[in-house]
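Numbering starts at 1 and runs along the sequence shown.
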Amino acid sequence: MRLIFSSTLLVSLALSPLIGCAQSMTSPTTQHSEERRVLATEDEYVAAEVSRDEAALRRLVDDRFQYNTGRGTTTGKEELIASLLKMNMVGQTIKERSLMIEGSIALVFGTAEIRFANAGKPESVSTLRYTATYVSRQGQWRLLALQMQQRAPQ
């Protein structure tokens, strides 16, 4: 038995795995839109931290949230919110921020300059390097994990 293939069929067979791959990739426009959404969620989270907006924090922090402490322990959503509500944070500036999205997970790498004020004392600034992990659930990005440490002097 002799099989005869047209050149169109051979090209189609050869390219079919690539066509499926190209169709599953996110378009640059969609990718930029998701990047903007993640960064907008992070900006909203930072604003909620500074203003101690408990309702916003509860909405933006995922129920499965974990904070990786410098002491080698982890804490959850409730501990995070309780500690933020007690802080005397008066401002926060985000610098050196970069983003990586892989499916429904986004990683934000950045530096935060956090300003604190205590009665009768001068304002203090802590410069921290952080990695924040966001997860997309039902079309909304939520903070899933956070790790922060003192930034090394430049």
So do the side chains of [X] and [Y] get within less than 4.5 Å of each other, counting heavy atoms only?
X    : Y    : answer
T41  : R142 : no
M148 : I114 : yes
V61  : L80  : yes
R137 : R64  : yes
F65  : L146 : yes
L60  : L143 : no
E96  : R129 : yes
V38  : E35  : no

Rounded distance (nearest 0.5 Å) linking atom [atom1] of [X] with atom [atom2] of [Y]:
X    : Y    : atom1 : atom2 : answer
L128 : T111 : CG    : OG1   : 9.0 Å
I105 : S136 : CD1   : OG    : 9.0 Å
M87  : S83  : CE    : OG    : 5.0 Å
D62  : L144 : CG    : CG    : 5.5 Å

Do you reckon [X] sits in the same ILVMFWY cluster as [Y], going by side-chain contacts under 4.5 Å, direct or chained?
X    : Y    : value
L57  : W141 : yes
F109 : V46  : no
Y134 : I81  : yes
L107 : I101 : no

Kindly check if the number of other-residue, nucleotide or ligand heavy atoms within 6.0 Å of CZ (R59) is above 12?
->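 Counting other residues, nucleotides and ligands, CZ of R59 exceeds 12 neighbours.
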
Exceeds 12 heavy-atom contacts within 6.0 angstrom, atom CD of E102 =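 Open: at most 12 neighbouring heavy atoms sit under 6.0 Å from CD of E102.
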
Would you tell me whether Q92 and E113 have side-chain atoms, one donor and one acceptor, within less than 3.5 Å of each other?
->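 Judged by distance alone, the side chains do not pair up.
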
Which atoms form the tightest heavy-atom contact between [X] and [Y], and what is the distance?
X    : Y    : value
L99  : A106 : CD1-CB, 4.1 Å
Q147 : N68  : CG-ND2, 3.4 Å
V108 : R97  : CG1-CG, 3.6 Å

Donor-acceptor pair, side chain of K77 and main chain of Q66, under 3.5 angstrom =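 Flag not set: sc K77 to bb Q66 has no pair under 3.5 Å.
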
Using atom types as modelled and distance alone, determine if a side-chain donor or acceptor of N118 lies under 3.5 Å from a backbone N or O of K121.
->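 Checked: no pair found.
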
Reference residue Y67; test side-chain contact (heavy atoms from CB on, under 4.5 Å); the match among T75, T74, T73 =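 Single pass found, and it is T75.
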
Please identify each residue that fulfils side chain to side chain contact (heavy atoms under 4.5 Å, CB included) with R115, with sequence neighbours left out.
->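 Listed in chain order: V90, T93, E123, V125.
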
Electrostatic pair E78:R58 at N-O distance under 4.0 angstrom =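 Yes.
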
